[in-house]
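Just so it is clear: chains get the letters A, B, ... in the order the sequence lines come, proteins before strands, and each one is counted from 1. All of these numbers come straight from a predicted model, not from anything done at the bench.
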Protein chains: 4
Amino acid sequence: MKGMLSAEKEIEVRFSEVDMMGVVWHGAYAVYLEDAREAFGAKYGLSYSRYIDEYVFAPIVDLQVQYKRPLRYGMKALVRIAWRPSDAAKIVFDYEIVSPEDGTLFCKATSVQVFMDRDYNLLWDSPAFYVAWKKQMGVL
Amino acid sequence: MKGMLSAEKEIEVRFSEVDMMGVVWHGAYAVYLEDAREAFGAKYGLSYSRYIDEYVFAPIVDLQVQYKRPLRYGMKALVRIAWRPSDAAKIVFDYEIVSPEDGTLFCKATSVQVFMDRDYNLLWDSPAFYVAWKKQMGVL
Amino acid sequence: MKGMLSAEKEIEVRFSEVDMMGVVWHGAYAVYLEDAREAFGAKYGLSYSRYIDEYVFAPIVDLQVQYKRPLRYGMKALVRIAWRPSDAAKIVFDYEIVSPEDGTLFCKATSVQVFMDRDYNLLWDSPAFYVAWKKQMGVL
Amino acid sequence: MKGMLSAEKEIEVRFSEVDMMGVVWHGAYAVYLEDAREAFGAKYGLSYSRYIDEYVFAPIVDLQVQYKRPLRYGMKALVRIAWRPSDAAKIVFDYEIVSPEDGTLFCKATSVQVFMDRDYNLLWDSPAFYVAWKKQMGVL
């Protein structure tokens, strides 16, 4: 995945994430994508804690997931996350979950987050700390 | 939501589904949508058990969720599910999660399932039981 | 289960709660027990919301679960909860998960909660609202 | 924890595991304990896959958890697991979840597993592969 800013996180399938059909339940992938966001945040100094400190929420408002091949118990997978540039006050990430051995694609996804204050009111402009972060990363 | 075939399921937000920000974690909605699929299956004689009996899997291959307003602890919500006609060998559902009191929209979603045999091979044609079900429902 | 105060909640096994072995994953039972606590709270005016209003936490500090027979997909079960009297500043509940049809016992459990203030400091005495509740229920 | 056979696994608290009160929801600890069992299995050649290959289930029949101090978002913790010798056909593990920095105790637990065949019938004697494993480990 090409992207100006990207990160990756290796995940191990947990027994509890596998369903009755012997594959990871589709709903469990949200945890893998969140792990990738946290890895991105840790890498670029934009972790969840930063938002908390700034009294800003960045809830997911849109999530699209394509399940290409099933993940099974015992598998490790690599979750790649790439930041997609956007002028609007939102954060867009694209993801791919692949095999670390041969790059087989398991899943593709895209998430969109917006900014809200503590009372869950939508912020129409990106918070100052986020604009500063974009400048610092050279993507503004 | 207008649809030829539709169902609804009332869900109660569980304490464990609410996150650190005081709203239902976005990943928990997959459970609500699955509850709605099960209600649809129970209503129209197409429950998960039917697939199991026929040795057919119908995994989710595509899931799109739009989070409009947050669900909070103590809330009850109505998940509406409508079957979307499709010629291809797939099952498409559209969902809305609304307030049972005033119809406030919390979430919209669409899921796509395909058919696979027990070895997780894609079935290019709808299984016989599904075609029969569509005829029985008057949607074929 | 005999108890001065008791309640029950019917639960339906969700597909996502069933594991690779075809039975409800042991960790999912915590959700069933919590559903029962919420039913108890709703019945006796001691719901989680009450604690929140009083700025008191009642976290679980001890949980013991015995898994007698497996729950499977498609099953409904009845979770019975009984309040166990205690002089100390704690809340003890005993649970049984049984079949609503023939009373078959699936699971027994006991939970212990203590009281903490908002900074997670242990309260050595029961909060006033809880003592008042016990008097109101005739168990003090 | 002293034990003849032991292992440990570092876990990172996931955002989705933290509840409305800002601490890891008690029910999420089951995942940490399972991670520890998997680490033990990987270390000593007794992973879940081994049971699957032998057509044996080893379901949890008893789980006792004491929550001593809360885990919070951003924390890493060490889950220590020790195998407790037993003559009966069961597997007993003791766990401690501690801070990797100063050994602060967050949680203690004990789990008991028994052996069952594929039809979920209790095996009164330990399976041959488990007895062989005990001999190999020098604990029989």
Side-chain angles (χ1 to χ4, degrees), chain A residues 17-38 47-49 51-72 75 90-91 93 95 105-122, chain B residues 17-38 47-49 51-72 75 90-91 93 95 105-122:
Chain A
E17 291 159 354
V18 179
D19 71 20
M20 205 162 66
M21 302 307 184
V23 300
V24 173
W25 183 60
H26 70 278
Y29 287 66
V31 167
Y32 303 155
L33 304 181
E34 191 155 84
D35 276 0
R37 284 194 297 282
E38 291 181 348
S47 66
Y48 275 37
S49 314
Y51 296 90
I52 293 170
D53 291 344
E54 299 277 347
Y55 297 104
V56 163
F57 297 165
I60 302 266
V61 292
D62 200 289
L63 182 64
Q64 303 189 27
V65 188
Q66 298 165 45
Y67 303 86
K68 302 288 188 185
R69 285 180 188 75
L71 280 167
R72 296 177 189 281
M75 283 184 173
K90 58 185 190 181
I91 312 170
F93 286 118
Y95 313 76
L105 180 65
F106 291 109
C107 172
K108 290 185 74 159
T110 297
S111 68
V112 179
Q113 293 163 272
V114 293
F115 298 100
M116 295 194 179
D117 64 21
R118 288 209 120 178
D119 301 309
Y120 236 82
N121 297 308
L122 182 67
Chain B
E17 292 159 353
V18 180
D19 71 20
M20 205 162 65
M21 303 306 185
V23 299
V24 173
W25 183 60
H26 71 278
Y29 286 67
V31 166
Y32 302 155
L33 303 181
E34 191 154 87
D35 276 1
R37 282 195 299 282
E38 291 181 347
S47 66
Y48 275 36
S49 314
Y51 295 90
I52 294 170
D53 291 343
E54 297 279 346
Y55 297 104
V56 163
F57 297 164
I60 302 267
V61 292
D62 200 289
L63 182 64
Q64 303 188 27
V65 188
Q66 297 164 46
Y67 303 86
K68 302 287 187 186
R69 285 181 189 75
L71 280 168
R72 298 177 187 280
M75 283 185 172
K90 59 186 187 180
I91 313 170
F93 286 118
Y95 313 76
L105 180 65
F106 292 108
C107 171
K108 290 187 72 161
T110 297
S111 67
V112 179
Q113 292 163 270
V114 294
F115 298 100
M116 295 195 179
D117 66 22
R118 288 210 121 180
D119 300 308
Y120 235 82
N121 297 310
L122 182 66

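- Among pairs with a residue in residues 22-36 of chain B, those fulfilling salt bridge (Lys or Arg N to Asp or Glu O under 4.0 Å) read Glu34(B)-Arg37(B), Asp35(B)-Arg14(C), at least two apart in sequence or across chains.
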Listed pairs under 3.5 Å, donor-acceptor, residues 53-65 of chain B side chains, sequence neighbours left out:
| from | atom 1 | to | atom 2 | distance (Å) |
| --- | --- | --- | --- | --- |
| Glu54(B) | OE2 | Arg50(B) | NH2 | 3.1 |
| Asp62(B) | OD1 | Gln64(B) | NE2 | 3.4 |

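- Shown here for Val31(B) and Trp25(A), the closest heavy-atom pair between the two residues is CG2-CH2, 3.7 Å.
- Most heavy-atom pairs under 4.5 Å with chain B, from the set Gln66(A), Lys68(A), Met20(A): that is Gln66(A).
- Looking at Leu33(A), neither its backbone nor its side chain comes within 4.5 Å of chain B, counting heavy atoms on both sides.
- How far CE of Met21(B) is from OH of Tyr120(A): 8.5 Å, rounded to the nearest 0.5 Å.
- There is no contact between Val112(B) and chain A, counting heavy-atom distances below 4.5 Å.
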